[in-house]
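Residue numbers begin at 1 in each chain, while the letters A, B, ... track the order of the sequences.
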There are 2 protein chains.
Amino acid sequence: MNSTLVNRALKHAEALCRRRGVRLTEQRKIVLRLLCVSDKPISAYELLDRMRGVVKNPAPPTVYRALDFLLEQGLVHKLESLHAYVGCTHPDHPHASQFLICDDCGEVTEVEDAGLAKSLKTAGKAIGFRTKRPIVEVLGTCAQCNAKRDE
Amino acid sequence: MNSTLVNRALKHAEALCRRRGVRLTEQRKIVLRLLCVSDKPISAYELLDRMRGVVKNPAPPTVYRALDFLLEQGLVHKLESLHAYVGCTHPDHPHASQFLICDDCGEVTEVEDAGLAKSLKTAGKAIGFRTKRPIVEVLGTCAQCNAKRDE
DNA sequence: ACCTCGGATGTTATATTGTTACATTGGCAA
DNA sequence: TTGCCAATGTAACAATATAACATCCGAGGT
Ligand SMILES: [Zn+2]
Ligand SMILES: [Zn+2]
Ligand SMILES: [Zn+2]
Ligand SMILES: [Zn+2]
């Protein structure tokens, strides 16, 4: 994400938190910014490294707490299969999104296929299962890497 | 899984491995059995503990190697969101299944919704993404726990 | 301005999950 | 038998995540 978009995203996040009566503190904003400027997912300990210099003496709880908050607010997502985190590309509204993860270049695309989410929910309901958080992470190769491979 | 079903599953796995020309060794069979007898997912280190007494001096690589083999052969699945493993309920054929995970009682149900898998693949293809391994883990509550909650 | 209370942060230690590296063993076939 | 390669043994370590407790800080009430 370029810096203009990042700033816009941060402004947006601030407004969102203000409306909700929660505090987007400096550290939380720093972690959110780090995730937004990156076009790839970042692990908690990588975030920790990148916080050095901006924050005095960050420890694991520092970053995990910020992540917990941002996850709760839907501003970032965790990629379970990678143990890594990404900024949400459309935090405006609550959503159940899916992730396409390129295991070649590492790029991650967040898509929001409402139909898919719905059919997933329906499939569960058929056996009495009440869906809370559907996790969908598709591992494969992105268009760009496929093109490169096929040259 | 009751012991009759477990034995059947193990026989089945042996036949499968023989056909494929791979070796279902004693340790691998032990891990597979442990996963099959359990109705809940088991973590690697929990498996390690349960191997003591059956295996002399198991260490982490012992269990991770067995798991790697079983995962490759499609005899078990890893639940990324739980860092735990389950025996496959229908290893006969290659498949992309989904998991319904009850965060109340811990029960996991493996379902195989081919339509869902297909629409997932199609959604990726629309943007040039080539799917290798779709991960679908739905967190929520199972029918039994819902009933209990609603009493 | 002062107090107070709860949320946010600092700090240290520890738990949990997974891997690397290298030595040793064991089945299988030339 | 010999040689080879997969499987296992063993020790150390890396990566991810949480627990526990002290301290700080800021919004709201007095
Ligand atoms: Zn999102
Ligand atoms: Zn790629
Ligand atoms: Zn399966
Ligand atoms: Zn349940």
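- Of the residues in residues 53-69 of chain A, those placing a heavy atom less than 4.0 Å from an atom of DNA chain D are A:P60, A:P61, A:Y64, A:R65, in numerical order.
- Between A:Y85 and D:dA17 there is a side-chain N or O to OP1 or OP2 distance below 4.0 Å.
- In terms of phosphate contacts, A:H83 brings a side-chain nitrogen or oxygen within less than 4.0 Å of OP1 or OP2 of D:dA17.
- Residues from residues 22-46 of chain A with heavy atoms under 4.0 angstrom of DNA chain C, sorted by number: A:R23, A:T25, A:Q27, A:R28.
- Taking atom CD on A:E72 and atom P on C:dG7, their separation rounds to 12 Å, with Å as the unit.
- A:L48 places its CG atom 14 Å from the P atom of D:dT18, with the value rounded to the nearest Å.
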**OP:** Starting from the C-alpha separation in whole Å, work towards a yes-or-no answer on side chain to side chain contact (heavy atoms under 4.5 Å, CB included) for A:C102 and A:Q144.
**Re:** CA-CA 10 Å; A:C102 179; A:Q144 195 177 343; over 6 Å; no
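- One can place CD of B:E80 at 16 Å from C1' of C:dT16, the figure rounded to the nearest angstrom.
- With sequence neighbours excluded, the residues forming a salt bridge (Lys or Arg N to Asp or Glu O under 4.0 Å) with B:R52 are B:D49, listed by chain and number.
- Rounded to an integer number of Å, the gap from CD of A:Q73 to P of C:dG7 is 14 Å.
- Ring pair B:H95/B:H93 is tilted by interplanar angle, where 30° to 60° counts as tilted.
- Taking CD from A:E110 and OG1 from A:T89, the interatomic distance works out to 3.5 Å, rounded to the nearest 0.5 Å.
- The side-chain hydrogen bond (donor to acceptor under 3.5 Å, both in side chains) test applied to B:Q27 returns no partner, not counting sequence neighbours.
- Sorted by first then second residue, the ring-ring contact (aromatic ring centres under 6.0 Å, His included) pairs that include residues 111-151 of chain A, not counting sequence neighbours, number zero.
- Every residue was checked against the salt bridge (Lys or Arg N to Asp or Glu O under 4.0 Å) condition with A:D39, not counting sequence neighbours, and none meets it.
- Checked against B:L75 for a side-chain contact (heavy atoms from CB on, under 4.5 Å), the options B:V31, B:L35, B:L32 give a single hit: B:L32.
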